[in-house]
Asks: 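Mind having a look at this structure? Questions to follow.
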Amino acid sequence: MTLRIGNFSGFYGDRFDALREMLTGGELDVLTGDYLAELTMLILGRDRLKDPGAGYARTFLRQLEECLGTVHDKRVKIVTNAGGLNPAGLAARVRELSERLGVPLRVAHVEGDDLTAAHPGSLAAHAYLGGFGIAACLRAGADVVVTGRVTDAALVTGPAAAHFGWPADAYDRLAGAVVAGHVLECGTQATGGNYAFFTEGPGDVGRPGFPLAELHEDGTAVITKHPGTGGFVDVGTVTAQLLYETAGARYAGPDVTARLDTVRLRQDGPDRVRIEGVRGEAPPPTLKVGRNRLGGFRNEVVFVLTGLDVEAKAALVRRQLAPALGKVADARWELVRTDRPDAATEETASALLRLVVRDADQQAVGRALSGAAVELALASYPGFHVLAPPGKGAPYGVFEDACVPQDAVEHVAVLPDGRRVSVAPAPDSAALEDVPEPPPPGPPPDGPTRRAPLGLVAGARSGDKGGNANVGVWARSDAAWSWLAHALTVDRFRALLPETAPLPVTRHVLPRLRALNFVVEGVLGEGVAAQARFDPQAKALGEWLRSRHLDIPEALL
């Protein structure tokens with residue numbers, strides 16, 4: 001018995017047509033839509049300030065309106081976290097849509113994640129719930145299930161538990177569903193999107209198809225996509241997504257802790273990757289809580305420095321603006337040397353000097369910066385201009401995470417008939433502990449080496465978790481893995497990425513994936529909404545690493 005679960009959204013703003021494409025492209029039992037991220041919760045929180053009835057992903061309603069008849073005719077279940085901060089409100093809008101279009105659908109939703117009242121000063125504080133509230137809704141006959149902040153993988157574990165009748169302590173099978181859910185959650189990242197070796201794949205990644213999982217009762221799964229859609233699915237694309245925004249061997253969630261060091265992947269035909277061997281353990285006794293709050297106000301200006309004397313021009317601007325910045329809480333300068341000598345175009349002859357300011361007082365980062373910067377227009381370095389004038393200063397957010405006991409959260413499934421059913425926490429729990437590092441693989445290949453980019457022999461994918469970033473790096477052959485595991489130590493990682501040198505860096509080894517996962521603490525400051533660095537979500541940190549040169553055995557090149 002196979003359960004076919006597809007994905008039609010990896011974030012709030014993903015491809016609008018994906019719901020229709022997935023419904024019409026092939027057979028499915030369930031379609032999941034993931035709309036929530038740390039930054040999204042802040043955006044929805046600000047929406048709710050303006051309108052208490054808001055707080056959900058409006059895009060989902062427009063997508064569903066186009067496809068409601070197809071959903072009904074094909075009897076596909078829709079499970080989505082688009083409810084955001086207001087799942088009851090979105091569920092009510094879906095019912096209204098169903099009545100207006102004359103398409104009968106049974107709608108349910110999940111509550112209990114909202115802990116904002118217990119966290120004064122927060123725009124949004126939400127616990128990450130598991131999948132058994134979703135399962136209760138589906139078992140009660142729901143056609144559409146709307147949730148708030150559940151784990152991304154819960155969108156898959158819930159339907160799987162409902163379909164196969166898994167009990168709450170079926171940890172191995174639940175862990176298999178978690179791994180499949182983690183692969184699906186970011187949509188086309190599993191089918192060639194954002195993939196390190198995108199130029200080598202058998203499919204065109206110009207418009208990748210969305211992924212689906214064929215789940216089996218024993219927890220194994222096959223990741224694939226609808227026939228004829230773009231992109232491709234292979235062991236590399238699935239490995240990349242498994243490493244995305246994870247850390248060590250234990251991947252903890254509210255339903256189960258999945259052991260990523262037990263995952264086995266194998267190609268099962270064109271665009272088919274089988275996931276098997278996944279083992280699970282009891283989840284931790286606590287739930288993660290994501291808290292978003294306003295951190296203050298932020299502004300920035302980018303000065304363009306063209307031609308000769310770039311360093312001297314930058315020093316002049318900094319000296320001229322120093323008096324105006326004296327009372328600003330945080331002012332950061334960064335000179336980006338994009339200029340080239342004897343350049344054929346003005347743009348390639350120019351460097352960028354970026355100033356970012358933050359303060360609790362909007363006027364301090366607004367008028368103080370904009371007035372002082374504009375006044376330099378005729379009184380600074382030769383060729384003075386900026387990419388855009390600074391504005392009044394905009395609010396920025398801060399993400400923090402905390403934990404609460406599982407039984408401190410009232411997880412409730414609101415069924416299609418309005419009945420409210422409490423969802424019990426996991427029957428067991430186990431404190432998280434690091435897995436001992438496995439023994440290293442055999443020695444790397446002998447012979448001469450050549451200075452070359454790491455990316456010639458290794459893929460990478462990186463992402464954010466609050467203020468931390470992870471960089472997953474994997475090899476595509478056993479020989480390359482033997483070299484990578486020995487060569488890419490924490491010290492070498494820090495040397496290749498100097499921004500990480502003063503920060504705590506932890507290396508996790510996942511031999512079955514031929515992968516290393518590095519977690520860099522604090523590199524993103526107070527999280528993506530604070531925009532503390534050039535790449536605030538660390539999306540390209542892995543690609544920077546792959547571009548760095550080191551001595552690689554010629555046998556691997």
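The analysis underlying the following values was restricted to heavy atoms, covering all of them including side chains, and did not include hydrogens, waters or symmetry mates.
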Asks: Does atom CZ of Phe16 have more than 12 heavy-atom neighbours from other groups under 6.0 Å away?
Replies: yes
Asks: Would you call Arg461-Glu245 a salt bridge at under 4.0 Å N-O?
Replies: no
Asks: Indicate yes or no: does Asp330 engage Arg332 in a salt bridge with an N to O separation below 4.0 Å.
Replies: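 Looking at Asp330 and Arg332, the cut-off is met.
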Asks: Looking at Arg93 and Glu96, does any basic side-chain N land under 4.0 Å from a carboxylate oxygen?
Replies: yes
Asks: Evaluate Ile78 against Val94 for side chain to side chain contact (heavy atoms under 4.5 Å, CB included), listing each step before the verdict.
Replies: CA-CA 11 Å; Ile78 304 293; Val94 174; over 6 Å; no
Asks: Before accepting this row, confirm whether a basic side-chain N of the pair Lys465/Glu38 lies closer than 4.0 Å to the acidic partner's carboxylate O.
Replies: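 Answer for the salt bridge query: no.
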Asks: Is the number of heavy atoms from other residues, nucleotides or ligands within 6.0 Å of CZ (Phe198) greater than 12?
Replies: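 12 or below, so no.
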Asks: State whether a side-chain donor-acceptor pair under 3.5 Å links Asn194 with Gln189.
Replies: yes
Asks: Rounded at 0.5 Å granularity, tell me how far OG1 in Thr224 sits from CZ in Phe232.
Replies: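 The distance works out to 13.5 Å.
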Asks: Ion pair present between Glu27 and Arg4, side-chain N to carboxylate O less than 4.0 angstrom?
Replies: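 Looking at Glu27 and Arg4, the cut-off is not met.
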Asks: Does the side chain of Lys74 pick up a donor-acceptor pair with the side chain of Thr70 at under 3.5 Å?
Replies: no
Asks: Please tabulate, one pair per line, all N/O donor-acceptor pairs under 3.5 Å involving side-chain atoms of residues 106-113, not counting sequence neighbours.
Replies:
{"residue": "Arg106", "atom": "NE", "partner": "Gly141", "partner atom": "O", "Å": "3.0"}
{"residue": "Arg106", "atom": "NE", "partner": "Asp143", "partner atom": "OD2", "Å": "3.2"}
{"residue": "Arg106", "atom": "NH2", "partner": "Gly141", "partner atom": "O", "Å": "3.4"}
{"residue": "Arg106", "atom": "NH2", "partner": "Asp143", "partner atom": "OD1", "Å": "3.3"}
{"residue": "His109", "atom": "NE2", "partner": "Glu111", "partner atom": "OE2", "Å": "2.8"}
{"residue": "Glu111", "atom": "OE1", "partner": "Arg420", "partner atom": "NH1", "Å": "3.2"}
{"residue": "Glu111", "atom": "OE1", "partner": "Arg420", "partner atom": "NH2", "Å": "2.9"}
{"residue": "Asp113", "atom": "OD2", "partner": "His126", "partner atom": "ND1", "Å": "2.8"}
{"residue": "Asp113", "atom": "OD2", "partner": "Arg149", "partner atom": "N", "Å": "2.9"}

Asks: Salt bridge between Asp17 and Arg15, side-chain N to carboxylate O under 4.0 Å?
Replies: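 Not counted as a salt bridge, because no side-chain N and carboxylate O are separated by less than 4.0 Å.
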Asks: Kindly state whether the ring of Tyr56 and the ring of Tyr35 have centres lying under 6.0 angstrom apart.
Replies: no
Asks: Identify the heavy atoms of Ala177 and Trp166 that sit nearest to each other, and give their distance.
Replies: CB-CZ3, 3.8 Å
Asks: If you apply the rule side chain to side chain contact (heavy atoms under 4.5 Å, CB included), what do you find for Met1 with His216, and how did you get there?
Replies: CA-CA 6 Å; Met1 183 168 55; His216 302 284; over 6 Å; no
Asks: Regarding Asp34 and Asn7, do their side chains bring together a donor and an acceptor under 3.5 Å, going by distance alone?
Replies: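 No, no side-chain donor-acceptor contact under 3.5 Å.
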